[in-house]
Protein chains: 2
Amino acid sequence: MSLDVGARLRAVRQMYGLSQRELAKRAGVTNGLISLIEQNRVSPSVSSLKKVLDGVPMALADFFTLDLTQKPPVFFPREELTEIGAGRVGLRLVGGRLAKRSMAILHEHYEPGADTGEEMLTHEGEEGGVVVRGRIELTVGGETRTLSAGDAYYFRSSLPHRFRNLSREECEIVSASAPPTF
Amino acid sequence: MSLDVGARLRAVRQMYGLSQRELAKRAGVTNGLISLIEQNRVSPSVSSLKKVLDGVPMALADFFTLDLTQKPPVFFPREELTEIGAGRVGLRLVGGRLAKRSMAILHEHYEPGADTGEEMLTHEGEEGGVVVRGRIELTVGGETRTLSAGDAYYFRSSLPHRFRNLSREECEIVSASAPPTF
DNA sequence: CAGGAGCGTTTAGGATATTGAACACATGAG
DNA sequence: CTCATGTGTTCAATATCCTAAACGCTCCTG
């Protein structure tokens, strides 16, 4: 097992899409410490490392068990996608929540009448996708369009956005967001 | 998972029958540090903890995975004893090498002519046992006796000792040593 | 362009881990 | 008994970690 604590921490932090300051705040340490640890310029005490990992959260044992060298899998059979229940919107994540990646690929299923909620969504990064089946109403930055099979979208996620399936048939979308929100 | 690093380290160290100084020497740290860590008066840096565990040796992941609260198993079917090959002397350890215990119980089998070697054995602690089957010649501190089924022995392991099966049938012994040598 | 907000990095100084040497206690040998 | 050797613990000094604040950078907005 490589004891590159810095690389491990950086990998874990990025897996969760957190900035050094964000993680530091959750963990109750300073962003500087996170930086120094990730550069291996200090070897953190067990207690600080635990505090940091509690901010993720992740257990110390899991942290040291992580295999950074393993090649990520390439093929994901349907049954190996990670199901993320979200009411009447079915989300299947490609690659699992813990996989190290800079992007989240989702296979989304909107039941008739399903939507992403009253509140407009806003978060970091960018997202895009293609409608595979059915029709979906997409609102981004005040602009609303209805997309059909074959149509696509792409926008900065900081723009308020919402998905609604107003039709009578299920809508199926394949999307990607970076950095990964899930 | 309880993060009582001190208790964990003490447990691990004692599992291996090491003193603080012994472990410190192997690990390249001072005995004082081991003492302070075990009392939880300091939270060691990951690098020091790794150095310490390298002296055992044990991986960091295993260290944090250790479950100190689990009740040790009580019953050990024959096939669950840990086989310790030692030439023509068969040793079966009760409870596994990593189990936390202050004593090693062994089920020993001496083939005809088998012995514990030319050199007299000397080590820390005490040991005792009962001959279950066959006959064995036991030398302890210059005194030699031949024990038969039903006979027993007990001595301080610092006394030079040796076991030899001079008979034509296998000899079977159940023994205990504390602290555990294995 | 300036300004602001985000990012990771660096630095000085206070807090903490670690060392080296001493301590107190127990055991076995002479 | 004394001495030697083992154990774990403690303490002052030093090395290292950790914080708070600043820095440089990029990206976005006006």
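Each chain gets a letter, A, B and so on, in the order its sequence line appears, and its residues count up from 1.
A donor-acceptor pair is defined here as one N or O able to donate and one able to accept, closer than 3.5 Å; such a pair exists between the side chain of T65(A) and the backbone of A61(A). Checking side-chain atoms of Q39(A) against main-chain N and O of S35(A) turns up a donor-acceptor pair under 3.5 Å. At least one donor-acceptor pair closer than 3.5 Å links the side chain of N165(B) to the backbone N or O of Y110(B). A donor-acceptor pair is defined here as one N or O able to donate and one able to accept, closer than 3.5 Å; such a pair exists between the side chain of S43(B) and the backbone of S47(A).
In this model, the phosphate group of dC7(C) is not approached by any side-chain N or O of R13(A) to a distance below 4.0 Å at OP1 or OP2. In this model, the phosphate group of dT7(D) is not approached by any side-chain N or O of Q20(B) to a distance below 4.0 Å at OP1 or OP2.
In this structure, R21(B) atom CZ and dT19(C) atom C1' are separated by 13 Å, rounded to whole Å. Here dA17(C) presents its P atom at 16 Å from CD of E38(B), a figure rounded to the nearest Å. Nucleotide dG6(D) holds its P atom 17 Å from the CD1 atom of I34(B), rounded to whole Å. Rounded to whole Å, atom P of dT19(D) lies 16 Å from atom NZ of K25(A). Protein atom CG of N40(B) is 16 Å distant from nucleotide atom C1' of dG8(D), rounded to whole Å.
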Treating primed atoms plus P, OP1 and OP2 as sugar-phosphate and everything else as base, which nucleotides of nucleotides 10-18 of chain D get B, S or - for protein heavy atoms under 4.0 Å?
B------SS
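Salt-bridge formation is not detected for the pair D4(A)/R8(A): no Lys NZ or Arg NE/NH1/NH2 atom is positioned less than 4.0 Å from an Asp or Glu carboxylate oxygen.
The list of salt bridge (Lys or Arg N to Asp or Glu O under 4.0 Å) pairs with a residue in residues 29-41 of chain A, not counting sequence neighbours, reads R10(A)-E38(A), R13(A)-E38(A).
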